[in-house]
Amino acid sequence: MVSLFKEADSPVQTFSMEYPDGSRISSTVENIVEKDSSKIVSVFSPEEIARINSGTNDTSEAPDITTLAMTPYITGPWNSVSLINTEPSILYNNGWPSGQVRQITSKTEWSFSSGASYSKLNDVFQWQWYGVVTGSGESSVYNFSVAPLSDSGAGASYGVVTIASESPNHPRKSGTGTNGKVQGYMDVQYQVSGSFSATWGILSIYVNAGAQWHQYAITEVDGWSYVDHYAGTYK
């Protein structure tokens, strides 16, 4: 059974699937744009703002919205990864907020479940966007940039699954300008006292008592304000 739920005008989207063997997967993704400008303190340097305003920041053509990034651009410690969801250009609303700093909180959460046991984690990634659009129509030039602000997260477990260690706070950046990427991820190492098996997309876990593995909740953003949410494992 598959369930996909999103309330109208809600920044939260949930997904769940139950397999014939009783194992379950679930995910929640969320992107909230800060509306109170008094809470936004720009992390962009005056030099970077000047480069964007003058049009000397890196530029690129608009992205092909039919193409999904199936794996994160910024590599990490995971050796298997599955795309949960992509939110395209969350800051575009009949136009870009040209000349304004925007601050966004993006959340990625997912879990393996089997019977009464589960392993769940989330990443809460705060980031900022600044951009300027010059020209109009087909002659428009886009100069955008993103910057990491903070990264946190938490793990949870139940039943035969327990948490061995947690490693939050991994804000990272690669590249500059419109094609630059920022990322945050949460790393939780789990262990089991009994057998545990579940599947999440291309990810799967089949372990016996004493085994350990890592799960990752990954959030990645580009200058077009595309937000990619990923599930990852290392085992």
Any non-hydrogen side-chain atom of [X] less than 4.5 Å from a side-chain atom of [Y]?
X      : Y      : answer
His229 : Asn31  : yes
Thr233 : Trp78  : no
Val12  : Thr28  : yes
Glu166 : Met186 : yes

(Q) Can you confirm whether more than 12 heavy atoms, excluding those of Phe44, are under 6.0 Å from its CZ atom? (A) yes
**Q.** Tyr206 atom OH, neighbour heavy-atom count above 12 within 6.0 Å
**A.**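 Counting other residues, nucleotides and ligands, OH of Tyr206 exceeds 12 neighbours.
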Q.
The criterion is side chain to side chain donor-acceptor pair (under 3.5 Å); which residues satisfy it with Ser27, sequence neighbours excluded?
A.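 Applying side chain to side chain donor-acceptor pair (under 3.5 Å) to Ser27 gives none.
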I need the [X] [atom1] to [Y] [atom2] distance, nearest 0.5 Å.
X      : Y      : atom1 : atom2 : value
Asn179 : Ser174 : CG    : OG    : 10.5 Å
Leu149 : Gln103 : CG    : CD    : 5.0 Å
Gln100 : Arg102 : CD    : CZ    : 4.0 Å

Can you name the nearest heavy-atom pair linking [X] to [Y], along with the distance?
X      : Y      : answer
Leu203 : Ser82  : CG-CB, 4.0 Å
Pro72  : Ile218 : CG-CG2, 4.3 Å
Trp213 : Val161 : CH2-CG1, 4.2 Å
Pro148 : Val182 : CD-CG1, 3.4 Å
Pro97  : Leu91  : CD-O, 3.4 Å
Gln128 : Val101 : OE1-CG1, 3.8 Å

**Q.** ring pair (Phe, Tyr, Trp, His ring centres under 6.0 Å) partners of Tyr230, counting only residues at least two apart
**A.**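 Counting only residues at least two positions away or on another chain, Tyr230 forms no ring pair (Phe, Tyr, Trp, His ring centres under 6.0 Å).
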Answer yes if [X] and [Y] sit in the same cluster of Ile, Leu, Val, Met, Phe, Trp and Tyr residues linked by side chain heavy atoms under 4.5 Å apart, and no otherwise.
X      : Y      : result
Ile90  : Tyr92  : yes
Val29  : Phe15  : yes
Ile32  : Ile40  : no
Tyr216 : Leu83  : yes
Val133 : Trp224 : yes

Q) Between Phe112 and Tyr190, is a side-chain contact (heavy atoms from CB on, under 4.5 Å) present by the stated rule, with each step listed? A) CA-CA 11 Å; Phe112 280 134; Tyr190 295 96; over 6 Å; no
Enumerate, atom names and distances included, each donor-acceptor pair closer than 3.5 Å involving a side-chain atom of residues 114-126, sequence neighbours excluded.
residue : atom : partner : partner atom : Å
Ser114  : OG   : Ser197  : O            : 3.3
Ser117  : OG   : Val160  : N            : 3.0
Ser119  : OG   : Gln215  : OE1          : 2.5
Asp123  : OD1  : Tyr185  : N            : 3.4
Asp123  : OD2  : Thr219  : OG1          : 2.9
Gln126  : OE1  : Ser150  : OG           : 3.1
Gln126  : NE2  : Thr105  : OG1          : 3.1

(Q) Is it the case that the side chain of Glu220 and the backbone of Tyr73 share a donor-acceptor pair, with hydrogens and angles ignored and the cut-off at 3.5 Å? (A)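 Answer holds: yes.
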Q: Please say which of Thr108, Asn85, Thr86 ends up in a side chain to side chain donor-acceptor pair (under 3.5 Å) with Asp228.
A: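 Considering Thr108, Asn85, Thr86, a side chain to side chain donor-acceptor pair (under 3.5 Å) with Asp228 is found only for Thr86.
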Q. Sequence neighbours excluded, which residues qualify as salt bridge (Lys or Arg N to Asp or Glu O under 4.0 Å) partners of Lys173?
A. Glu48
Q | Side-chain donor-acceptor contact under 3.5 Å, Thr162 with Ser157 | A |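 Result is no, nothing qualifies.
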Q: Examine the side chains of Trp127 and Ser106 and answer whether a donor and an acceptor come within less than 3.5 Å of each other.
A: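 Present: a donor and an acceptor within the cut-off.
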(Q) Holding to side chain to side chain contact (heavy atoms under 4.5 Å, CB included), I want the full list of residues that pass it with Glu138, two or more places apart in sequence or in another chain. (A) none
Q. Gln212: what forms a side chain to side chain contact (heavy atoms under 4.5 Å, CB included) with it, not counting sequence neighbours?
A.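 Gln212 satisfies side chain to side chain contact (heavy atoms under 4.5 Å, CB included) with Ala164, Gln189, Gln191 once adjacent residues are dropped.
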Q: Have a look at Phe144 and tell me which of Trp96, Tyr226, Tyr130 forms a ring-ring contact (aromatic ring centres under 6.0 Å, His included) with it.
A: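 The ring-ring contact (aromatic ring centres under 6.0 Å, His included) with Phe144 is passed solely by Trp96 among Trp96, Tyr226, Tyr130.
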